[in-house]
Amino acid sequence: MSETTSATEPQQTATQKYTAELAARIEARWQDEWERRGTFQAANPAGSLAGPGATARPPAYIMDMFPYPSGAGLHVGHPLGYIATDVYSRYLRMTGYNVLHTLGYDAFGLPAEQYAVQTGTHPRVTTEANMVTMRAQLRRLGLGHDSRRSVATIDPGFYRWTQWIFLKIFESWYDPEQDRARPIAELVEEFASGARPVPGGRPWGELDAVERSAVLDDHRLAYVKEAPVNWCPGLGTVLANEEVTADGRSERGNFPVYRASLRQWMMRITAYADRLLDDLDLLDWPEAIKLQQRNWIGRSEGARVEFRLDAAGGEDDKIVVFTTRPDTLWGATYMVLAPEHPLVDRMVPARWPEGTREAWTGAAPTPAAAVATYRRQAAAKSDVERQAEAKDKTGVFTGAFAVNPVNGERIPIFIADYVLMGYGTGAIMAVPAHDHRDFAFARAFELPMRCVVQPGDDRGQDPRTWDDAFVSHDARIVNSSGSDISLDGLGVAEAKARITAWLAERGIGEGTVNYRLRDWLFSRQRYWGEPFPIVYDEDGVPHPLPASMLPVELPEIDDYAPRTFDPDDADSRPETPLSRNKEWVEVTLDLGDGPRQYRRETNTMPNWAGSCWYELRYLDPDNDERLVDPEVERYWMGPRTTGGSGGADLYVGGAEHAVLHLLYARFWHKVLYDLGYVSSREPFHRLFNQGMIQAYVYRDERGFPVPATEVVEEDGGFWHDGQPVRRELGKMGKSLKNSVTPDEICAEYGADTLRLYEMAMGPLDVSRPWETRAVVGSYRLLQRLWRNVVDEATGEVVVTDEEPDEETLRALHKAIDGVRADMEGLRFNTAVAKVTELNNHLTKRGSVPRSVAEPLVLMIAPLAPHIAEELWRRLGHTESLAHEPFPVADPALVQDPTVTCVVQVKGKVRARIEVPATIGDGDLEALALADPAVRRALGDAQVRKVVVRAPRLVNVVPG
RNA sequence: GCCCGGGUCGCUCAACGGCAGAAGCAACCGCCUUAAAAGCGGACAAGUGCGGGUUCGAAUCCCGCCCCGGGCACCA
């Protein structure tokens with residue numbers, strides 16, 4: 001620093017005024033100091049991170065959703081949630097909690113790999129560089145993370161445990177009787193001892209290794225299966241259902257997705273469908289997210305019903321359908337199978353039956369030809385096309401008939417793509433009178449309809465005159481009588497129960513529950529993911545590697561790019577990058593019966609794997625013996641109440657993970673719970689979805705975005721380079737040329753200003769537009785706060801030792817009371833307003849008593865921690881205020897001794913009177929009625945009624 | 001089409017069924033300054049998307065619409 005001090009520009013002024021430069025110095029100093037002191041280290045009750053804080057204070061576990069380290073760098077929208085959790089964590093720390101808050105990196109997966117491929121650099125290099133950048137950007141914001149606990153999914157020390165959990169899942173099965181996962185060894189024992197019958201009927205001892213493996217694969221929670229999967233040639237990998245959008249494209253990259261039958265790893269998440277559904281009730285989550293999970297799981301109760309095939313050759317094949325409306329069985333006038341239903345080939349007769357209508361045949365000479373043609377057409381159709389054509393039903397007659405079990409009627413069987421192989425049994429009974437889709441199909445193919453539910457309107461019972469099906473669950477059944485059963489006159493619910501029982505008695509049906517949720521496709525044909533800890537022997541039987549061989553490290557190879565294809569090439573097939581590496585794939589291992597040749601699994605895990613359990617590793621990141629010490633897990637995540645779900649106390653993130661990450665993580669957590677590794681039934685007890693920070697996008701006349709910073713507002717319009725531009729609200733991002741980075745804002749105003757502004761701009765859960773020019777408001781608040789404590793000319797502390805006047809004292813305690821409530825409710829915007837209000841009061845007052853300045857500094861500390869620490873230090877304290885008790889309001893000072901009572905006459909305000917806050921209803925009424933303005937307003941009218949809400953309001957109703 | 005959110009001064013946002021205003025931005029007027037910026041101070045500003053209803057009293061509760069955002073959508 002220069003020694004010379006010019007007269008016109010005193011050095012003191014320059015250094016003691018709260019400018020961006022001073023803020024930057026203060027912020028850097030405190031960030032260093034927090035790091036040096038380990039201020040935000042949270043003590044565990046045991047293990048390497050054990051400390052006394054764990055027993056002295058109650059635990060609070062605050063989490064942000066696991067970010068992937070973006071190569072594009074952060075914009076101001078990204079840290080919104082991180083700032084919010086930091087504010088909340090700092091608040092909790094000051095109210096006596098042992099707070100665990102950290103942030104790690106979800107660094108495997110498609111985004112990281114795509115960025116690497118784009119830049120032509122190995123994903124490990126780019127990902128690690130991105131993590132360094134992101135850590136630096138976030139450190140600049142002063143986030144109080146316990147950096148010892150920051151994990152990255154790509155570290156072998158982390159994914160060793162991801163693989164370990166995979167093995168546990170692989171070596172488990174779901175026991176529906178005990179309703180939990182159990183080790184597969186216990187199932188083998190039951191098979192071996194005969195306690196449980198072996199599927200197929202042969203004794204366990206007689207099965208060879210391949211047969212045993214096949215039997216166990218049908219039970220394992222992680223298993224390999226040949227099944228129709230979502231193949232995305234443009235990405236070169238298969239995808240989970242959750243990663244495919246409703247219109248049949250990949251969520252990432254928006255490429256077409258095709259159905260292809262491939263041998264892939266699956267996770268038996270369907271075994272947990274009911275628990276994933278039921279346990280939502282234990283969670284403090286937004287209803288919207290719970291609803292999305294419920295919809296995704298899609299539990300529906302109904303019945304399976306068997307329809308006998310009425311084949312000319314007398315074959316006794318049965319078609320099993322799932323229906324939610326068994327009560328409408330009498331209305332079933334035809335059947336529909338999914339085009340790829342396996343029974344179709346067996347049922348088609350050699351030629352069209354007598355009297356087959358032309359429209360049913362698809363103009364084909366034989367049923368087999370019609371089926372083949374239709375199947376080809378259906379397979380060629382993308383999901384998008386199918387969606388678009390949903391209203392125009394297509395299909396062909398198979399030439400076969402089935403028998404309706406309730407009335408013996410012979411009904412034709414069709415195939416049509418509106419029936420999906422993947423849902424239910426892939427076959428339906430069609431009740432055109434009471435189902436919109438069946439109605440449309442029946443109209444198109446001139447199929448008969450029968451009304452079996454009495455319409456609630458005046459349309460009558462003849463479906464031929466209807467415009468659409470009549471669908472209701474609140475109506476009476478009609479036209480539904482057989483020789484030994486009748487549903488006529490019953491309500492829907494009762495009719496369902498009656499017919500289900502009738503079907504069950506005859507062994508041709510049963511009540512059942514069906515789910516929309518399917519098993520989770522878990523393998524990806526990508527390089528940048530966790531390798532599976534699985535090897536195959538020469539018979540193709542998968543063998544789990546022992547835990548001692550973990551981690552199976554990802555080999556460092558140059559040829560890591562996925563084999564991608566023309567996005568529209570439906571016939572392409574995936575190739576795993578790891579399979580190119582022969583010396584890695586072929587291994588000799590001793591898995592217990594001597595050294596043998598094995599072949600490694602060359603698929604990798606999806607990027608969801610690491611985020612399925614990372615919340616557990618934060619707790620005990622250095623543990624080499626276990627994924628987490630049970631005592632440590634119980635301390636941080638165990639149920640806080642009897643029967644509670646347990647899990648992190650707060651989880652903040654975007655709503656876009658409603659059915660992906662949040663469903664998968666819940667599933668893994670429940671498996672670990674069943675196997676006894678965790679005490680919590682759920683990973684995240686409270687979930688909060690933060691809104692998005694939006695930004696204005698300015699487009700020129702061609703519709704291209706122009707740089708938002710170059711746009712000027714004039715004459716009520718927006719202009720760029722003299723040309724008019726349109727303004728719209730959108731996301732923030734480089735492509736829309738409206739990105740604002742936290743680095744820019746920090747440089748111009750400091751991190752505390754940025755934090756304060758982000759918290760002040762609106763409620764956390766609401767999306768709102770960013771406005772850079774409004775940031776200065778938060779900056780001014782901090783400057784006024786600074787000046788209330790420090791003389792910016794001399795740097796001297798200016799607080800006084802005077803006793804505050806009563807008004808100031810009341811303002812302080814009202815602020816404390818309000819800020820506490822707002823902090824607890826995550827209403828940081830109103831908390832900032834209350835702090836501002838108090839600070840404005842002090843500014844106007846002229847001098848600031850120390851006894852008010854100190855609690856004010858403590859109150860703003862969670863929001864603007866650096867300036868608060870600096871002022872605290874200057875006020876004479878030597879310790880960081882991070883663990884200083886948050887101010888407590890004196891209830892006597894929160895309420896004013898007198899309040900303004902509003903007196904209304906017929907709801908209109910006619911008078912205001914000052915009354916004691918403790919005034920009774922009677923006294924207040926008397927006072928109000930005596931008020932001259934009230935008497936004037938009443939005039940001659942009689943008083944009919946007086947509503948008194950002491951001490952705030954009296955309403956006089958004249959009669 | 002169905003299901004969630006949300007419409008309050010010019011803008012972002014507050015308001016246990018009880019005086020429409022906590023706070024910030026912008027514009028405006030002052031103060032400070034040779035001047036400008038910054039800073040400081042002040043005043044202005046909407047009757048709560050529309051139409052009904054309940055109530056002594058509605059931004060708030062109920063019903064029906066409109067607009068914006070998000071999710072789901074041939075799931076039997």
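Just so it is clear: chains get the letters A, B, ... in the order the sequence lines come, proteins before strands, and each one is counted from 1. Values in this document were obtained by computation on a predicted structure and should not be read as measured data. Only this structure's heavy atoms are used, side chains among them; waters, hydrogens and symmetry mates stay out.
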Q: Answer yes or no: does a side-chain N or O of A/R780 lie under 4.0 Å from OP1 or OP2 of B/G24?
A: no

Q: Can you see whether A/W296 has A/R516 sitting over its ring - NZ or CZ less than 6.0 Å from the centre and within 45° of the normal?
A: yes

Q: Taking a pair as Watson-Crick or G-U wobble with both distances under 3.5 Å, which nucleotide is matched to B/C65?
A: B/G49

Q: Counting distance alone, no hydrogens or angles: does the base of B/C25 have a donor or acceptor under 3.5 Å from a partner atom on the side chain of A/R773?
A: no

Q: For A/D417, report the nucleic acid contact type (base, sugar-phosphate, nothing); a contact means any heavy atom under 4.0 Å.
A: base

Q: Does A/K945 place a side-chain N or O at less than 4.0 Å from the phosphate oxygens OP1/OP2 of B/C56?
A: yes

Q: Determine the contact category for A/P286: base if any of its heavy atoms lies under 4.0 Å from a base atom, sugar-phosphate if only primed atoms, P, OP1 or OP2 are that close, otherwise nothing.
A: nothing

Q: For B/G24 and A/N840 - does any side-chain N or O of the residue sit under 4.0 Å from the phosphate oxygens OP1/OP2?
A: yes

Q: Which part of the nucleic acid does A/R768 contact within heavy-atom distance under 4.0 Å: base, sugar-phosphate only, or nothing?
A: sugar-phosphate

Q: Please name the nucleotide paired to B/G21 by Watson-Crick or G-U wobble geometry with both distances under 3.5 Å, or report none.
A: B/C13

Q: With heavy atoms under 4.0 Å as the rule, sort A/R944 into base, sugar-phosphate or nothing.
A: nothing

Q: When all nucleic acid strands are considered with a 4.0 Å heavy-atom cut-off, which category describes A/S767: base, sugar-phosphate, or nothing?
A: sugar-phosphate

Q: Reckon A/K393 touches a base, only the sugar-phosphate, or nothing at all at heavy-atom distances under 4.0 Å?
A: base

Q: Under a 3.5 Å distance rule, please check whether A/H434 uses its side chain to pair with a backbone N or O of A/V453 as donor and acceptor.
A: yes

Q: What contact category does A/L420 fall into here, base, sugar-phosphate, or nothing, at under 4.0 angstrom with non-hydrogen atoms?
A: base

Q: Look at all strands and tell whether A/A760 reaches a base, only sugar-phosphate, or nothing, counting heavy atoms closer than 4.0 Å.
A: nothing

Q: Mind telling me whether B/G47 is syn or anti, cutoff 90° either side of 0?
A: syn

Q: For a quick check of understanding: with a heavy-atom distance under 4.0 Å over all strands, which category does A/V419 fall into, base, sugar-phosphate or nothing?
A: base

Q: Just checking A/R299: base, sugar-phosphate only, or nothing, at a heavy-atom cut-off of under 4.0 Å?
A: nothing

Q: Quick check: any donor-acceptor pair below 3.5 Å linking the side-chain of A/Q904 to the base of B/G18?
A: yes

Q: For A/D467 versus A/F439, what's the shortest heavy-atom pair and its separation?
A: O-CE2, 3.4 Å

Q: Under 4.0 Å, counting only non-hydrogen atoms across every strand here, what does A/A774 touch: a base, just sugar-phosphate, or nothing?
A: sugar-phosphate

Q: Classify A/T425 by what it touches in the nucleic acid, base, sugar-phosphate, or nothing, heavy-atom distance under 4.0 Å.
A: nothing

Q: Under 4.0 Å, counting only non-hydrogen atoms across every strand here, what does A/E287 touch: a base, just sugar-phosphate, or nothing?
A: nothing

Q: C1' atom, B/C50 versus B/A59: distance in rounded Å?
A: 14 Å

Q: Does A/R949 place a side-chain N or O at less than 4.0 Å from the phosphate oxygens OP1/OP2 of B/G57?
A: no

Q: On the nucleotide B/C16, are OP1 or OP2 found under 4.0 Å from the side-chain N or O atoms that A/R952 carries?
A: no

